[in-house]
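Since the structure comes first, as structure tokens, the remarks are kept for the end.
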Amino acid sequence: MTLILDPDDPAGWREAPAASGAPVAPGAPAASGNRFTEGLNPEQREAVEYRGPALLIVAGAGSGKTRVLTHRIAGLIDSREAWPSQILAITFTNKAAAEMRERVEALLGEGASGMWISTFHSACVRILRREAEAIGLSSTFTIYDSADTRTVLKRIIKELDADTMGFTPAGAQSKISKLKNELSDVESYARNANMNDPQEVMFLEIFRQYTRRLRAASALDFDDLIAETVYLFRAFPKVASLYQRRFRHILVDEYQDTNHAQYSLIREFTQPIPAERVAEMADHGFNVRAVADSTGAIPGASLTVVGDSDQSIYAFRGADIRNISEFERDFSGAKVVLLEQNYRSTQNILSAANAVISNNFDRKDKKLWTAVGDGDKITGYTGYTAHDEAQFVADEIEALHRTGVAYRDIAVFYRTNAQTRALEEIFVRSALPYRVVGGTKFYERAEIKDAMAYLISVANPLDELALRRILNSPKRGIGPATETALASFAEANQVTFREAMRSADALGLGPKVTGAITTLASVLDEAAAMLAPSAAGLAAGTNEGASKVSDVLVFLLERSGLIEALRRSRDPQDETRAENVDELVAQTRDFDRDNPLATVVDFLTQVSLVAAADDLDDASGTVSLMTLHTAKGLEYHAVFLTGLEEGLLPHQMSASEPGGPAEERRLFYVGITRARQRLYISLAMSRAQFGEVAVAMPSRYLQEIPEGLVDWKQSPGMATSRGGTQPRALNARRPGGAWGTRDRDLEKFSVTASAKPKAEWANRVTGTVRDNGDLTLEAGDRIRHVDFGEGRVNQVTGEGTKRIAHVAFDTAGPKKLLIKIAPIEKL
DNA sequence: CAAGGCGTTCTCACA
DNA sequence: GAACGCCTTG
């Protein structure tokens, strides 16, 4: 095995300053009173200054943990206790990583190159690409996302006829993911499997096939990225030692969401290096003296973790809350610092959060408090339909905006992505600038996946999945039968799918099909040649002389005919698709500009690892819509929590999982604590599911908010007996318990849903899109709106199809309407 | 043998 | 409400 120096990161191996050589005695305070602790409260200061092998910072929501982390890192570097290159900080998203780097650099007043601040997945990819050969992978391995994984599993299940035994791609996927997060592989699973159970035997076969296929394609799934890095370190202690020697300070954010594999990885990073291996490394020319102790060994890196078990919301992907609750036991001599003072929210918001989360038993009691005062009450609203609820949200956003709150300081959260539809319809109609963060992402669109598959096929010729994807896209008359013929030819002749394509002549297919295949194969070969660096680049170990990513992509798009097929198509949707592909090209141009010597593989990696929260754009000046999961770690002046209904929050699927309702409650807690000044909670009494309208019940968590904190504009109680009885306090306990699943309540709801005039509510805001064509309006015109009645146009702004009428309605108040589609008529 | 049309299936959150 | 899979047609 060769010990590899980081070619693009020479600073990483510089000799460390003497100061970091001798491990600082646990508990010894660092120099205090420096500029990195000014303005911090005593607990924060302690978290910044403590020096020792292990530190747990229990950071309640909004307690300034990012500040503590960045100040801690800056302090370590500034005091010369560590070089930037000796620091490894793990964050949850790439955006958080970029932000942390900026803040550290701002504190230091200089660049801090060599510092690794990244997500678990990015750090692992970086290591695995460098050490790929050791574990029999190509360094250009592909990263499969869950859709890719599902496609592979679908094929396997079909081939094995496993669906007859009740196996589904989704089911197998989640089981395999769970196993990998526990660091189980096919062999270890096989050892413990009950071979008399046909179900288990079949699953084992699926798991084995899946593993084999990813291997053959030189591909890793998301879970592999972590697990393979752990295996690498365990199987090759010398490789592990390189990283253990280099990283002396490991910091992990959102520690409550780490799973077993990630935990194991952290353990590997913080292992000490025994004296014999240190001596061996010294023989290989590594400078180890600066970090070795008096016995000749290198002590384990110091570990700082930050987390809040109340914000643990990723149990579904294997996050183990015990990692944080048992930290002190795992790392003996660990110091714990508690941050409870909140600098984000008003007391009313915190009181609601505290009250809700206190319903989770089995937690360390922790109460957030603030010095900023009570603030406004929480505003509540119960809509009759999801559209009604969305209209409330839109109206309140406009009201906030009129008082001077910028759109970018407002966010709307929901439990499931499907809930965006109603919100978007209303927002578009209200001419409200918004942005859906995450969701059906750009890179998940079919045409983008196609274009990416071309790049992947060139970068990693072993990737059969990518090849099969592009085989008949654009349509070249290559159907499933031809695809199967190629696959069996490859199998029979022990060659790769790609080679089978090159020798398509030998398959005895029709001349047209054969021609299509060989043409595609040679286009890919030509593109592959573009990737090779020049002799000078090879000698220097850089990518010099290779074509730019954008050039390779444009070449592929043109020569494959993909872009032409989209442009020539009569399908109006293909026009948008062509634009999307153009957008992808523009992105590769940006990438080339920002990363001059980067490879196609670098681009593919970056795309694979973008997180939902990464495409947040603070400068966009729009309202942000996102799921509660994506919202973690963010904060807004005003927050709308929507769809607070049984079945959504808690989600239906959580009921059957142990700990499900408690995790859903934490999700609610995370949502509440994102708000700085204003919090809105809302729900609908009926919601479309499966395309059908279903009755919705208020979420059980709503009644956990103390009565006095919420100002209900329309409470669930009022809504049930609309127009009839007195408004009933939401929290009023009735004999037999609060509203929940009792039949009586169900009746009430269904009465409203069915007997109440449908004409009035079912279509209060129609879901259909109108087109008012070239209706012209100007200030002074009177109009009639289907929902809002009559009003007067005050102003018209915008151009063409984006013209917006600012209307003062006689009863409904001021609204902004997108003229083209608003259900209005001129009077 | 491929392409397009129609009935059937669900759908949680994410790197 | 759309993505998938099956079925018919070209």
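Each chain gets a letter, A, B and so on, in the order the sequences are listed, and its residues count up from 1.
- The shortest distance between the side-chain N/O atoms of A/T627 and the OP1/OP2 oxygens of B/dC14 is below 4.0 Å.
- When heavy atoms are screened at a 4.0 angstrom cut-off, A/S122 is found touching no nucleic acid atom at all.
- Checking B/dA2, B/dC14, B/dC12 against every side-chain atom of A/A481, the shortest atom distance belongs to B/dA2.
- Between the side chain of A/H629 and the main chain of A/I313, a donor-acceptor pair closer than 3.5 Å is present.
- Among the heavy atoms of the strands lying under 4.0 Å from A/K154 are primed sugar atoms or P, OP1, OP2 only; no base atom is included.
- Where A/T482 and A/S177 meet DNA chain B, the nucleotide closest to each residue was compared, and A/T482 sits on the side nearer the 5' end.
- The separation of C/dC4 from B/dA13, taken at their P atoms, amounts to 16 Å, rounded to a whole angstrom.
- The two atoms that bring A/L137 and A/S218 nearest to each other are CD2-OG, 3.7 Å, heavy atoms only.
- Qualifying side chain to side chain contact (heavy atoms under 4.5 Å, CB included) partners for A/P650, counting only residues two or more places apart in sequence or in other chains: A/E646, A/S654, A/E664, A/S699, A/R700, A/Y701.
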Any N/O pairs under 3.5 Å between the protein and nucleotides 3-9 of chain B? List them or say none.
residue : atom : partner : partner atom : Å
B/dA3   : OP2  : A/N472  : ND2          : 3.1

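- In this structure, of C/dC6, B/dA15, C/dG1, it is C/dG1 that holds the atom nearest to the side chain of A/R421.
- Judged by distance alone, the side chain of A/E228 and the main-chain N or O of A/L128 form no donor-acceptor pair under 3.5 Å.
- At whole-Å resolution of the value, CD in A/Q606 and P in B/dA15 are 15 Å apart.
- When the C1' atom of B/dC14 is taken as reference, atom CD of A/E663 falls 12 Å away, rounded to whole Å.
- For the pair A/F222 CZ and B/dC14 P, the computed distance is 12 Å after rounding to whole Å.
- Note on A/S654: every side-chain N or O is 4.0 Å or more away from OP1 and OP2 of B/dC12.
- In this structure, the ring of A/Y243 has its center less than 6.0 angstrom from the ring center of A/F233.
- For A/P480, whose side chain is taken as the heavy atoms from C-beta onward, the closest listed nucleotide among B/dA2, B/dC14, C/dG1 is B/dA2.
- A donor-acceptor pair shorter than 3.5 Å cannot be found between the side chains of A/N417 and A/T420.
- Checked by atom type, the side-chain pair A/N259/A/Y314 shows no donor-acceptor distance below 3.5 Å.
- Atom-to-atom, CZ of A/R150 to C1' of B/dC10 comes out at 11 Å; the value is rounded to the nearest Å.
- Rounded to whole Å, atom C1' of B/dA13 lies 13 Å from atom CD of A/E444.
- Applying the salt bridge (charged side-chain N to carboxylate O under 4.0 Å, His left out) test to A/R421 and every residue at least two apart in sequence or in another chain returns nothing.
- Among the protein residues, A/F120 comes within range of no part of the nucleic acid, since none of its heavy atoms lies under 4.0 Å from any strand.
- Look at CG on A/L628: it is 15 Å from P on B/dC12, rounded to the nearest Å.
- The distance between atom NE2 of A/H651 and atom C1' of B/dC12, rounded to the nearest whole Å, is 4 Å.
- The separation between A/L220 atom CG and B/dA15 atom C1' is 14 Å, rounded to whole Å.
- Close to B/dA13, at under 4.0 Å from its OP1 or OP2, lies a side-chain N or O of A/N417.
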